[in-house]
Amino acid sequence: MGEERFGEFVLVRRHEEGSVAELVLDRPKAMNAVSTEMARSVAAACASLGGDEGVRVVVVTSTHERAFCVGADLKERNSFSDAELLRQRPVARGAYTGVLELPVPTIAAVHGFALGGGFELALSCDLIVADRTAVVGLPEVSVGVIPGGGGTQLLPRRVGAARASELIFTARRVEAEEAHRLGLVDQLVEAGEDRAEALSLAVRIAANSPVGLRAAKRALRLGQGLDLRAGLEVEDAAWRAVAFSGDRAEGVAAFNERRAPRWPPAV
C-alpha cells in the first residue's frame, strides 16, 4: 500500500495494487474544516488521481474520529476581507469540483459530522456509506450564506426539489437513520465500519472493467437532466467508446470460458 501526501492536510493511499485509491482528509485538529490550503490540496490530489489510468475507484475518508468534515473553515473566513473572500472562491470551488469530476466511481465513507462543505464533498461522490454516528446537513443559511460547494444542485438530484428545499431552508442536521431513510446516504453500517465497508465496496467495483466503469460513470453524469431521447444518445456514445475495446473482448471471452477476466493494462 503506497502513500502520497498533498500538502499538510490530504493523503492518498493506494490499495489493491493501485486500482483503489483512498483520498484521506487529514486535518484532525480542525475536524477537517476546509481551509484555503486544504482546498488546494484536495484539488491537487483529485487532479493526480483523475490522470492516473490505473485508478478504478476512489474512496474519500477521514482521520478524525468524530467527523468526516465540518465544512468551510469559518475561523479563516472570518479574517477575510470581501476582496480576499472573492479571490478565495475559485480555490474553494476547486476542491468540490475536483471530487465531482473524477472520471471513476467515487465513494464517501462518512462518520460523525458531515456538515456544509463537508456534506457537499460527500454529495460530490457517486455513493455515500455512512455509519450510525453520522450527522449530515447543509446549514449555510444559518450563517448568512448558501451551500456553495454544489449542495443546491447535488442534493435535489438525490432527494428531489421539495426535500432538498426543506433541508437547505431549515439548515437542520439529520442523524444517520433519517439520513438513510431520506436517501441522503446510500448505505448505513455500524459505528466505526464506514471506511472498511466503503473500501470493500470499492474492491468489488474495481474488479470490473476499467474502461466500462469510466464510460458508465460518464453516461450517468452526462445524462442527468436530459430528456430521455437525449440521454439515450449519451448512453449510445458511451457504449460505442467501449464496444470495440480490449476490455469488451476480454470480458466476453472470460464469460464464455467461465473464468475471471484479466483486464488489459491501461494505456
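- V189 has its side chain out of reach of H180: every pair of non-hydrogen atoms, C-beta onward, lies at least 4.5 Å apart.
- Between L23 and C46 there is a side-chain heavy-atom pair separated by less than 4.5 Å.
- Scored by the side-chain hydrogen bond (donor to acceptor under 3.5 Å, both in side chains) test, R158 finds D186 as partners (sequence neighbours excluded).
- Listed for the W263 side chain is a donor-acceptor partner under 3.5 Å among the backbone atoms of A207.
- Residues E16 and V57 fail the side-chain proximity criterion, which asks for heavy atoms closer than 4.5 Å.
- In this structure, L25 and M38 have side chains that are in contact, with non-hydrogen atoms separated by less than 4.5 Å.
- Legend: residues meeting salt bridge (charged side-chain N to carboxylate O under 4.0 Å, His left out) with E250, ordered by chain and number and at least two apart, are R259.
- Of all non-hydrogen atoms in P28 and T63, the two that sit nearest each other are CD-OG1, 4.0 Å.
- Side-chain contact between L121 and V60: absent, with no pair of heavy atoms (C-beta onward) separated by less than 4.5 Å.
- Of the residues listed (H111, R195, E22), the one engaging T61 in a side chain to side chain donor-acceptor pair (under 3.5 Å) is E22, and it is the only one.
- When side chains are defined from C-beta on, L182 counts as touching R163, because their heavy atoms get closer than 4.5 Å.
- Judged as a side-chain contact (heavy atoms from CB on, under 4.5 Å), and not counting sequence neighbours, the contacts of A171 are P139, V141, S142.
- With respect to the salt-bridge test (charged N to carboxylate O, under 4.0 angstrom), the residues R214 and D247 do not qualify.
- Scanning both residues, V211 and S245, for their nearest heavy atoms gives CG1-OG, 4.1 Å.
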Verify side-chain contact (heavy atoms from CB on, under 4.5 Å) between L11 and E3, making sure each step is shown before the conclusion. CA-CA 7 Å; L11 178 69; E3 293 188 351; 4.1 Å; yes

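- A donor-acceptor contact shorter than 3.5 Å links the side chain of S62 to the backbone of A67.
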Would you sort out whether V159 and L184 count as a side-chain contact (heavy atoms from CB on, under 4.5 Å), showing the intermediate values? CA-CA 7 Å; V159 299; L184 300 175; 3.8 Å; yes

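- Using a distance-only test at 3.5 Å, with no hydrogens or angles considered, no donor-acceptor pair links the side chain of S48 to the main chain of A44.
- With sequence neighbours excluded, no residue forms a salt bridge (charged side-chain N to carboxylate O under 4.0 Å, His left out) with R87.
- The neighbour count for E257 CD, taken as heavy atoms of other residues, nucleotides or ligands under 6.0 Å away, is above 12.
- Nearest heavy-atom pair across G94 and A43 is O-CB, 3.6 Å.
- Applying the salt bridge (charged side-chain N to carboxylate O under 4.0 Å, His left out) definition to pairs two or more places apart or across chains, those involving residues 130-156 are R132-E177, R132-E190.
- When V20, V24, V59 are each tested for a side chain to side chain contact (heavy atoms under 4.5 Å, CB included) with R13, only one passes: V24.
- Taking the salt bridge (charged side-chain N to carboxylate O under 4.0 Å, His left out) definition, one finds that R181 meets it with nothing, sequence neighbours left out.
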Give the intermediate values and the outcome of side-chain contact (heavy atoms from CB on, under 4.5 Å) for residues L49 and V12. CA-CA 9 Å; L49 292 169; V12 170; 3.9 Å; yes

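- If you chain together hydrophobic residues whose side chains sit under 4.5 Å apart, L220 and L228 never meet in one group.
- Looking only at side-chain heavy atoms (C-beta outward), L127 and L201 come within less than 4.5 Å of each other.
- Transitive grouping of hydrophobic side chains (ILVMFWY, heavy atoms separated by less than 4.5 Å) keeps V70 and I128 in distinct clusters.
- Judged as a salt bridge (charged side-chain N to carboxylate O under 4.0 Å, His left out), and not counting sequence neighbours, the contacts of E197 are R204.
- Within the 3.5 Å criterion, the main-chain N or O of G149 finds a donor-acceptor partner in the side chain of E120.
- In terms of heavy atoms, R248 sits closest to A243 at NE-O, 2.7 Å.
- V129 and L155 sit in two unconnected hydrophobic clusters of ILVMFWY residues. Membership requires side-chain heavy atoms under 4.5 Å apart, directly or through other members.
- Contact record, R14 with A21: CD-CB, 4.5 Å, taken as the closest heavy-atom pair.
- Within the structure, every pair that satisfies the salt bridge (charged side-chain N to carboxylate O under 4.0 Å, His left out) test and touches residues 60-83, not counting sequence neighbours, is listed here: R27-D73.
- We find the CZ-OG1 distance between F68 and T133 to be 12.5 Å, quoted to the nearest 0.5 Å.
- Note that CD of Q224 and CZ of R221 are 6.5 Å apart. Values are rounded to the nearest 0.5 Å.
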When the side chains of residues 229-237 are checked against the rest of the protein, which donor-acceptor pairs come out under 3.5 Å, sequence neighbours left out?
from : atom 1 : to   : atom 2 : distance (Å)
D236 : OD2    : R240 : NE     : 2.7

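- Summarising the geometry, atom OG belonging to S19 is positioned 11.0 Å from atom CD1 belonging to I205; distances are rounded to the nearest 0.5 Å.
- Here V143 pairs with V145 under the side-chain contact (heavy atoms from CB on, under 4.5 Å) rule; sequence neighbours left out.
- Note on F255: it does not cluster hydrophobically with L213, by side-chain heavy-atom contacts below 4.5 Å among ILVMFWY residues.
- N78 places no side-chain N or O within 3.5 Å of a backbone atom of L74 that could act as its donor or acceptor partner.
- Residues A215 and A238 come closest through the heavy atom pair O-CB, 3.7 Å.
- Under the 4.5 Å side-chain heavy-atom criterion for grouping Ile, Leu, Val, Met, Phe, Trp and Tyr, M31 is not connected to V136 through any hydrophobic cluster.
- The CZ atom of F113 sits 13.0 Å away from the CG atom of N32 when rounded to the nearest 0.5 Å.
- Considering only heavy atoms from C-beta on, F80 stays 4.5 Å or farther from L86 through its side chain.
- For the atom pair CZ (F119) and CG (L154), the distance works out to 9.5 Å, reported to the nearest 0.5 Å.
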Any chance you could lay out the side-chain contact (heavy atoms from CB on, under 4.5 Å) test for L115 and R173, step after step, and finish with the verdict? CA-CA 8 Å; L115 301 173; R173 300 180 178 190; 3.6 Å; yes

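- At distances below 3.5 Å, not a single donor-acceptor pair connects side-chain atoms of S200 with backbone N or O atoms of A196.
- Atom CD of E193 and atom CD of Q187 lie 11.0 Å apart (nearest 0.5 Å).
- In this structure, the side-chain contact (heavy atoms from CB on, under 4.5 Å) partners of E37, at least two apart in sequence or on a different chain, are E8, F9, S35.
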Per-pair distances, 0.1 Å, donor-acceptor, side chain in residues 99-110, under 3.5 Å, sequence neighbours excluded:
from : atom 1 : to   : atom 2 : distance (Å)
T106 : OG1    : D126 : N      : 3.0
T106 : OG1    : D126 : OD2    : 3.1

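- T152 places no side-chain N or O within 3.5 Å of a backbone atom of P147 that could act as its donor or acceptor partner.
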